[in-house]
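Worksheet for the structure shown next.
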Amino acid sequence: MKPPFVITVDGPAASGKGTIASRLAADHGVQMLDSGLLYRAVGGLLAAGGKDLDDVEAATAVAEALTVEQLSDPAFRTRAAGELASRVAVHVPVRNALFRLQKAFCLRPEGAVLDGRDMGTVICPEAPAKLFVTARPEVRAERRWKQLTGQGEPVTLEDILEDIRKRDERDGGRAASPMRQADDAVLLDTSEMTIDHAADAARRIVEAARARWERS
Ligand code: DC
C-alpha cells in the first residue's frame, strides 16, 4: 500500500523552512508539525524547573509528559529557547520519547507536513516528498537579526551569526539523528531567494513529487 502524501522539510535554523512548510501545508490542506517546537518545549520546561540541560533523566521525563497543549507558549519561540532546544536534542532518550508523537503525525491518512532536522531521515523516511532547505550562514544570520530587532530584541548581527554557527555544528555534529539531507531529498538553497521565490520553488518540487506519488 502506498504511504500517505507526507512532505518533510528539513534544514538549519533561519533557512526559511518554517515559512515554506506552513505554505505547503496550506496548499495541500493538511496539518503541519513544527518538530523544533517539541525540543524547544522540553528545553524550556526543563530550565523553568531549575534542572540542568544535561540531566538526561529529567529531560526525558519532561519529553514523555509533553502534551500538544503545552506547545503554544510564546516563550518557546525566543532565541534563548532555540539554544535550549539544541542542547536537549542531543540526548537519545529525549529523541526516543518524542518519536511516537512525530511518527503518528507522519502516518495521518490525509497526509501532513513535518518540519525539522531529521524528518526525512529518521521520523518519516518513507515520505514521498522531501526537501532540505538551506542558505549560507551569513544570509540566515541577517534574516534572523532583522526579525529579532524588528521585534525589539537588542541583538547584534555578530552574536546571531555566532549562535547560528554553534547551532549548525551541534545539530549536524551530534551522534543521535544529526541534521542531514536524506538521500532522496531535494536541496533548496534559498541564499539568493526572497521567501516568496523560495516558497514557489518548493511548491514546484512538491508538485513533481505529488505527480509521481499519484502515478505510483
Ligand atoms: O527548528 P528550530 O529552530 O525550532 O529547532 C530548535 C532546535 O531543536 C534545533 O536547533 C535542534 C532541535 N531539533 C532537532 O534536534 N530535531 C528536530 N527534528 C527539530 C529540532
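Excluded from the calculations below are hydrogen atoms, water molecules and symmetry mates; all remaining heavy atoms, backbone and side chain alike, are included. Atoms within a ligand are numbered from 1 in the order they appear, just like the ligands themselves.
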Should we count [atom1] of [X] as having more than 12 external heavy atoms under 6.0 Å?
{"X": "Glu169", "atom1": "CD", "value": "no"}
{"X": "Gln151", "atom1": "CD", "value": "yes"}
{"X": "Lys146", "atom1": "NZ", "value": "no"}

Going by atom type alone, with no hydrogens or angles, which donor-acceptor pairs under 3.5 Å involve a side-chain atom of residues 176-183 and a protein atom two or more places apart or on another chain?
from, atom 1, to, atom 2, distance (Å)
Gln181, NE2, Ala185, O, 3.0

Which residue and atom name correspond to the protein heavy atom nearest [atom], and how close is it?
{"atom": "atom 16 (N) of ligand 1", "answer": "Arg95 NH2, 3.0 Å"}
{"atom": "atom 3 (O) of ligand 1", "answer": "Arg40 NH2, 3.1 Å"}
{"atom": "atom 7 (C) of ligand 1", "answer": "Ala85 CB, 3.5 Å"}
{"atom": "atom 19 (C) of ligand 1", "answer": "Ser35 OG, 3.5 Å"}
{"atom": "atom 12 (C) of ligand 1", "answer": "Ala89 CB, 3.7 Å"}
{"atom": "atom 6 (C) of ligand 1", "answer": "Arg167 NH1, 3.5 Å"}
{"atom": "atom 20 (C) of ligand 1", "answer": "Gly36 CA, 3.5 Å"}
{"atom": "atom 1 (O) of ligand 1", "answer": "Arg117 NH1, 2.9 Å"}

Original post:
Just checking, is any N or O donor in the side chain of Arg77 or Ser72 under 3.5 Å from an acceptor N or O on the other one?
Top reply: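 Not at all, the side chains of Arg77 and Ser72 share no donor-acceptor pair under 3.5 Å.
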
**OP:** Mark yes or no for whether Arg117, through its side chain, and Asp171, through its backbone, hold a donor-acceptor pair below 3.5 Å.
**Re:**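 The answer is no, because no donor-acceptor pair under 3.5 Å joins these two groups.
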
**OP:** Could you see which bit of Arg174 sits under 4.0 Å from ligand 1, with heavy atoms only: side chain, backbone, both or neither?
**Re:**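 The answer is the side chain.
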
Subject >> Cation-aromatic face contact Arg108/Phe105, 6.0 Å, 45 degrees >> reply: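 The answer is yes, since Arg108 meets both limits relative to Phe105.
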
Original post:
Met119 heavy atoms, cut-off 4.0 Å: which ligand 1 atoms fall inside?
Top reply: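 Once the distances to Met119 are compared, the set is 18 (N).
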
Original post:
With atoms numbered from 1 as shown, which atoms in ligand 1 lie under 4.0 angstrom from a non-hydrogen atom of Lys17?
Top reply: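 Answer, ordered by atom number: 1 (O).
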
Original post:
For residues 114-197, which residue pairs qualify under disulfide bond (SG atoms under 2.5 Å apart), counting only residues two or more places apart or in two chains?
Top reply: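 Listed once each, the pairs are Cys106-Cys124.
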
